[in-house]
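Take this structure first; my questions come after.
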Amino acid sequence: MARAPTTTDAFNAVAEPRRRQIIDLLAGGERPVNDVVAALGLAQPQVSKHLKVLREVGLVSVRGAGQQRLYKLEAERLKAIYDWVRTFEPFWDHQLDRIKERAERLASERSAGRDDSIKED
């Protein structure tokens, strides 16, 4: 099955690590493009390309303010991704429960081993 273009699908758009970094930056509030460029340490054309993809899928909006273009995260557009990822929560919870049980069992075994060595003295 062919992959959807990144410009039509939020899932594909956020698959790129630099775009996730931009989303993280914009989660803190509206930012001018130059702030995004400085924070990522990329060339302005690269950042603009990523911002364009995010804009086209509706994850980011832009407005002009004098000479600046301010970018804003449209977080509600991430809900489809959140809803999908959330379906895996029971798996993570189960894995965390198993890790906790194992850690508690190991701690108990170590404690019992110390008790045995104290009795031998």
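All values below come from the heavy atoms of this structure, side chains included, with hydrogens, waters and symmetry mates left out.
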| said: What's the separation between atom CG in Leu25 and atom OH in Tyr71, rounded to the nearest 0.5 Å? | reply: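 If I round to the nearest 0.5 Å, the distance is 13.5 Å.
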
| field | Verify same cluster id: Tyr82, Leu73 (apolar side-chain graph, 4.5 Å) | value |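 No: no chain of side-chain contacts under 4.5 Å links Tyr82 to Leu73.
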
Less than 3.5 Å apart, which donor and acceptor atoms pair up between the side chains of residues 26-47 and the rest of the protein, not counting sequence neighbours?
| from | atom 1 | to | atom 2 | distance (Å) |
| --- | --- | --- | --- | --- |
| Glu30 | OE1 | Arg63 | NH2 | 3.0 |
| Glu30 | OE2 | Arg63 | NE | 2.9 |
| Gln44 | NE2 | Ser48 | OG | 2.5 |
| Gln46 | OE1 | Ala43 | N | 3.3 |

| Within the distance-only criterion (no hydrogens, no angle test), does the side chain of Gln68 pair as donor or acceptor with the backbone N or O of Leu70 below 3.5 angstrom? |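 No; judged by distance alone, with no hydrogens or angles, the pair does not exist.
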
| field | Which residues share a side-chain hydrogen bond (donor to acceptor under 3.5 Å, both in side chains) with Lys79, sequence neighbours left out | value |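 Per chain and number, Lys79 pairs via side-chain hydrogen bond (donor to acceptor under 3.5 Å, both in side chains) with Asp83.
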
| From Lys49 NZ over to Leu54 CG, what is the distance, rounded to the nearest 0.5 angstrom? |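 Lys49 NZ to Leu54 CG: 12.0 Å, rounded to 0.5 Å.
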
| query | How many angstroms lie between atom CG of Leu78 and atom CZ of Phe11, to the nearest 0.5 angstrom? | reply |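 Result: 10.0 Å between the selected atoms.
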
Quiz: residues 99-108 side-chain donor-acceptor pairs under 3.5 angstrom, not counting sequence neighbours:
none

| query | Looking only at atom types and distance, does a side-chain atom of Glu74 sit under 3.5 Å from a main-chain N or O of Arg77, one as donor and one as acceptor? | reply |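 Absent.
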
| said: Tell me whether Arg19 contacts the main-chain N or O of Ala13 through its side chain, where contact means a donor paired with an acceptor under 3.5 Å. | reply: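 Yes, the answer is positive, given that a donor and an acceptor are paired below the 3.5 Å cut-off.
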
| Is there side-chain contact between Val62 and Leu51, with at least one heavy-atom pair below 4.5 Å? |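 No, too far: nothing below the 4.5 Å cut-off.
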
| Would you say the side chain of Ile23 lies within less than 4.5 Å of the side chain of Leu59, judging by non-hydrogen atoms? |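 Yes. Closest side-chain heavy atoms under 4.5 Å.
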
